[in-house]
Amino acid sequence: MKDQQGKKVLLLIGWSSVIHAFLFSSIFTGLVGAGIGWVIKKDYQERKQGLYLIIFSILAAILPQVLGLLIIWSLNSGF
C-alpha cells in the first residue's frame, strides 16, 4: 500500500495547481494538475479522485483562455 501522506500531499498540490491555473490563466499549471491526477489514478488506484483532478485541470487550463477571447471579441464587435 502506498503512503497515504504522500497521496494527501499530491492531492493538495494537484488541486492548488487547478486553482492557480484558473485564476492566473496558466496552461502549464493545468498540465501539472493533470499529471498529478494521472499519478493518483494509476499509482494510488484512486480512479475517481484522479479522473476528477484530470478533468478539472484541463478545464481550468482552457476555460480562462476561451473566456478571455470571448470578452475581447465581444468588446471589439460592439456587444
Side-chain angles (χ1 to χ4, degrees):
M1 181 174 198
K2 297 285 184 182
D3 184 24
Q4 292 299 320
Q5 189 67 20
K7 184 179 98 173
K8 289 180 184 178
V9 170
L10 281 176
L11 283 172
L12 180 68
I13 294 171
W15 285 110
S16 62
S17 69
V18 169
I19 292 169
H20 184 272
F22 186 75
L23 292 178
F24 298 110
S25 185
S26 173
I27 294 174
F28 176 72
T29 53
L31 292 175
V32 169
I36 291 174
W38 183 77
V39 168
I40 290 173
K41 184 179 172 187
K42 294 293 181 182
D43 290 346
Y44 289 94
Q45 285 79 32
E46 293 287 339
R47 187 171 185 268
K48 282 187 177 182
Q49 289 180 356
L51 190 61
Y52 290 153
L53 192 56
I54 292 169
I55 290 170
F56 283 111
S57 294
I58 292 171
L59 287 176
I62 294 174
L63 194 61
Q65 305 289 330
V66 172
L67 288 175
L69 287 173
L70 287 175
I71 289 171
I72 291 171
W73 174 77
S74 67
L75 289 174
N76 284 335
S77 65
F79 271 117

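Only heavy atoms go into these numbers, but all of them, side chains included; no hydrogens, no water, no symmetry mates.
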Same cluster or not: are Val32 and Val39 linked, directly or through other Ile, Leu, Val, Met, Phe, Trp or Tyr residues, by side-chain heavy atoms under 4.5 angstrom apart? yes
Which atom pairs, one a donor and one an acceptor, fall under 3.5 Å between side chains of residues 49-72 and the rest of the protein, sequence neighbours left out?
unit_1	atom_1	unit_2	atom_2	d
Ser57	OG	Ala34	N	3.3
Ser57	OG	Leu53	O	2.6
Gln65	NE2	Ser25	O	3.2
Gln65	NE2	Ser25	OG	2.7

Apply the test side chain to side chain contact (heavy atoms under 4.5 Å, CB included) to residues Trp73 and Asn76: give CA-CA distance (whole Å), side-chain angles for both, the deciding distance (0.1 Å), then the verdict. CA-CA 5 Å; Trp73 174 77; Asn76 284 335; 5.9 Å; no
Co-membership, hydrophobic cluster, residues Leu12 and Ile36, 4.5 Å side-chain: no
Student check: side-chain heavy atoms of Val18 and Trp15 closer than 4.5 Å: yes
Partner set under side chain to side chain contact (heavy atoms under 4.5 Å, CB included) for Leu31, not counting sequence neighbours: Ile27
Side chain to side chain, Tyr44 and Leu10, heavy atoms closer than 4.5 Å: yes
Quick check on the hydrophobic clustering: are Ile19 and Phe28 connected, directly or via other members, by side-chain heavy-atom contacts under 4.5 Å? no
